[in-house]
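What you see is a predicted model, and the numbers here were worked out from it, not measured in a lab.
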Amino acid sequence: MITWLLIAGAVVAVVVRRAIGEPLNARDLAGPPLVLLGLGGYALTKAGHLGAVDVLWLVVGSLVGLAMGVLRGSSVVVFTRDGALWQRYTGRTFAYWGVSIAVNAVVGYTAGPYTDARPITLSIGVGLLGEAAPVALRALRLAPDAVRLPEVLRPR
């Protein structure tokens with residue numbers, strides 16, 4: 001129970017910060033989805049043996065979550081303020097959150113007894129990762145010089 005409250009609190013905190021507008025950085029963009037993906041992956045290891053139908057629902061649920069995340073990410077505003085990149089959710093982002101929740105609920109209901117193959121933390125993590133992709137791409141286009149690559153990755 002306490003784990004669910006912590007996860008819900010973290011997701012609410014991310015959404016509130018982004019609704020207000022926050023500086024855009026890789027840690028805040030990639031951190032929450034990667035943590036939730038890790039927790040979801042761990043939950044999958046505890047689910048026991050996954051059959052072919054379980055794997056099918058895992059793939060379908062992940063693809064739907066990823067698509068819904070990309071849809072939400074397409075509505076996030078990326079802008080510069082005081083020489084730094086910022087991001088902010090819009091009204092459309094919240095509408096897409098509603099659509100995303102509804103679509104994932106339908107997928108979850110349809111999956112019925114196969115919900116062990118689709119932990120909530122994994123679903124949220126996949127969705128947030130999908131959301132991060134278009135935001136990161138727009139950020140790179142807006143301010144490519146703001147991205148500091150390690151020396152070994154810099155073009156010569």
Side-chain angles (χ1 to χ4, degrees), residues 1-79 84-140 146-147 150 153:
M1 176 67 169
I2 192 78
T3 303
W4 287 108
L5 291 175
L6 290 173
I7 291 168
V11 170
V12 168
V14 167
V15 170
V16 168
R17 281 194 345 248
R18 291 182 184 174
I20 295 168
E22 69 173 347
L24 181 61
N25 63 58
R27 183 190 68 226
D28 290 341
L29 197 60
L34 293 177
V35 167
L36 290 168
L37 285 171
L39 291 171
Y42 179 74
L44 278 177
T45 65
K46 296 298 181 189
H49 175 71
L50 298 179
V53 176
D54 295 317
V55 172
L56 173 68
W57 279 113
L58 179 63
V59 170
V60 168
S62 295
L63 290 174
V64 168
L66 191 64
M68 292 292 101
V70 169
L71 179 66
R72 286 192 316 270
S74 71
S75 67
V76 174
V77 175
V78 178
F79 59 98
L85 288 173
W86 283 61
Q87 67 177 335
R88 186 179 63 241
Y89 279 1
T90 64
R92 275 189 345 176
T93 310
F94 287 103
Y96 292 153
W97 266 103
V99 170
S100 179
I101 290 168
V103 168
N104 278 299
V106 168
V107 170
Y109 177 77
T110 306
Y114 304 102
T115 55
D116 283 348
R118 197 165 167 254
I120 293 291
T121 51
L122 184 66
S123 298
I124 295 171
V126 167
L128 288 176
L129 191 63
E131 183 180 308
V135 172
L137 288 174
R138 278 199 312 282
L140 287 172
V147 179
L153 297 178

Could you pull out the closest heavy-atom pair between V77 and R138, with the gap in Å? N-NH2, 4.4 Å

Sub-4.5 Å side-chain heavy-atom contact between T110 and V60: no

Do L63 and V59 touch side chain to side chain, with heavy atoms closer than 4.5 Å? yes

What is the distance from atom CD1 of I124 to atom CG of L37, rounded to the nearest 0.5 Å? 11.0 Å

Suppose we screen for side chain to side chain donor-acceptor pair (under 3.5 Å). Which residues come up paired with T93, at least two apart in sequence or across chains? S75, T90

A30 and P33 have their tightest heavy-atom pair at O-CD, 3.2 Å

Kindly say whether Y96 contributes a backbone atom to a donor-acceptor pair with the side chain of S100 at under 3.5 angstrom? no

Please report the shortest heavy-atom distance between M68 and V99, naming the atom on each side. SD-CG1, 4.2 Å

For the residue pair G125 and L36, what are the closest heavy atoms and their distance? CA-CB, 3.7 Å

Please identify each residue that fulfils side chain to side chain donor-acceptor pair (under 3.5 Å) with R88, with sequence neighbours left out. none

Students often mix this up, so state it plainly: with edges at 30° and 60°, are the rings of W97 and Y89 parallel, tilted or perpendicular? tilted

Are more than 12 heavy atoms from other residues, nucleotides or ligands located less than 6.0 Å from atom CZ of F79? yes

Identified side-chain contact (heavy atoms from CB on, under 4.5 Å) partner of V12 from the options V16, V15, V14: V16

Using every non-hydrogen atom in the two residues, find where L29 and A136 come nearest and quote the distance to one decimal. CD2-CB, 3.8 Å

Working to the nearest 0.5 Å, report the span between CG of L39 and CD1 of I120. 13.0 Å

Can you name the closest pair of heavy atoms from L66 and V126 and give their distance? N-CG1, 3.5 Å

Taking only residues two or more places apart in sequence, or in another chain, which ones meet R92 in a side chain to side chain donor-acceptor pair (under 3.5 Å)? none

R18 vs V76 side-chain heavy atoms within contact, under 4.5 Å: no

